[in-house]
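Here the structure comes first, spelled out in structure tokens, and everything after it is commentary.
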Amino acid sequence: MTTTSPTALITGASAGLGRALATALAERGWTLVLDARGADRLAEVATGLARVTTVEAVAGSVTDRAHRAELAAAVRFHGPLDLLVHNASELGGSPQPRLVDLDPQTFETVLQTNVVAPAALTRQLLPDLVAAHGTVLAISSDAAVEHYEGWGAYAASKAALDHLVGTFAAEQPALRWYAVDPGDMRTAMHQAAFPGEDISDRPLPESVVPALLRLLDTAPPSGRYRASEYAVREVLA
Ligand SMILES: NC(=O)c1ccc[n+]([C@@H]2O[C@H](COP(=O)([O-])OP(=O)(O)OC[C@H]3O[C@@H](n4cnc5c(N)ncnc54)[C@H](OP(=O)(O)O)[C@@H]3O)[C@@H](O)[C@H]2O)c1
């Protein structure tokens, strides 16, 4: 089936930033394919958004090859892919271990989730993205460019994700490729990164969405952006 509304696939869409972005795109009439591991919470989000747009929820882990194939099939049912959002992410423990204490299995899971899966999913959906002259948006982190005690695995994965995006941009210049650092957000992942801390002063993920939408609307050159800087630059323009 081919729909006239643009289509987005958002990974990790049952909570936090992924859910907030899915909600905003649904309000704009986008057709959505959504993923997360927890089927119940994902179905709840999809049912809510289905009141305003076409939504398909496909539960599973991005690290699972068969699940990625299901996601690709779901996308193809709706037509070319205008936007692929790599948002699902693995923190690597709570509290996060120092590198000297990082067990190889945890490191592998972080890399599989944050780097290998986005690369594989992108490769799989490249024809669908090309057909739509589409955009890939990978949610990065300041940890990709800073060095924080305990953040080694996650930081290395986000730096690698940034690099993947940049290399894809060099190899596929007809598409738009963005790695975006959203800044701190009051989410389950952030609470896991700061166990026991009061994170109520951190902004909600919904507050980052306008910058992401502005990025998509204005389509600047492919590259790495910080949501906060981009929002300010556009407000001042
Ligand atoms: N929060 C921050 O302060 C912050 C700062 C910088 C960057 N980021 C980045 O922002 C993005 C969103 O983070 P968030 O804070 O919004 O996270 P969150 O609230 O914890 O939500 C994570 C979402 O991803 C899903 N998910 C996790 N692992 C998955 C997997 N293997 N396969 C499919 N879905 C998976 C979760 O659902 P299930 O658990 O049911 O799978 C959930 O829907 C991430 O890329 C994160 O690295 C966050």
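Atom set for the values below is all heavy atoms of this structure, side chains included, hydrogens, waters and symmetry mates excluded. As the structure is a prediction and not an experimental result, all values here were calculated from the model. Count residues from 1 along the sequence.
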Practice task
Would you please name every residue forming a side chain to side chain contact (heavy atoms under 4.5 Å, CB included) with Thr11, sequence neighbours left out?
Solution key: Asp35, Val62, Asn87, Ala88, Leu121
Handout entry: Partners meeting ring-ring contact (aromatic ring centres under 6.0 Å, His included) with His190 (sequence neighbours left out)
Key = Phe194
Handout entry: Closest non-hydrogen atom pair between Ala138 and Val165, with its separation
Key = CB-CG2, 3.6 Å
Handout entry: salt bridge (charged side-chain N to carboxylate O under 4.0 Å, His left out) partners for Arg202, two or more places apart
Key = Glu197
Exercise for the section: Would you mind listing every salt bridge (charged side-chain N to carboxylate O under 4.0 Å, His left out) that reaches into residues 135-153, with sequence neighbours excluded? Expected result: Arg98-Glu149
Completion exercise
By ring-ring contact (aromatic ring centres under 6.0 Å, His included), Phe107 pairs with (sequence neighbours left out) none
Exercise for the section: Sequence neighbours left out, what pairs pass salt bridge (charged side-chain N to carboxylate O under 4.0 Å, His left out) with at least one residue falling in residues 124-137? Expected result: Arg76-Asp128
Fill in the blank from the handout: Under a side-chain separation threshold of 4.5 Å, the hydrophobic residues clustered together with Val100 are none
Handout entry: Contact list for residues 169-186, test salt bridge (charged side-chain N to carboxylate O under 4.0 Å, His left out), sequence neighbours left out
Key = none
Practice task
Tell me, please, which residues at least two apart from Ala20 pass side chain to side chain contact (heavy atoms under 4.5 Å, CB included).
Solution key: Pro205, Glu206, Val209
Handout entry: Backbone of Arg214 reached by a side-chain donor or acceptor of Thr218 within 3.5 Å
Key = yes
Problem - With sequence neighbours excluded, residues passing side chain to side chain contact (heavy atoms under 4.5 Å, CB included) with Glu90 - result: Arg37, Thr109, Val110, Thr113, Asn114
Practice task
Applying side chain to side chain contact (heavy atoms under 4.5 Å, CB included) between Ile10 and each of Leu25, Val33, Ile139, report the one that passes.
Solution key: Leu25
Exercise for the section: Output all residues satisfying salt bridge (charged side-chain N to carboxylate O under 4.0 Å, His left out) with Arg41, sequence neighbours left out; order by chain, then residue number. Expected result: none
Exercise for the section: Go through the structure and list residues passing side chain to side chain contact (heavy atoms under 4.5 Å, CB included) with Ala132, not counting sequence neighbours. Expected result: Pro80, Asp82
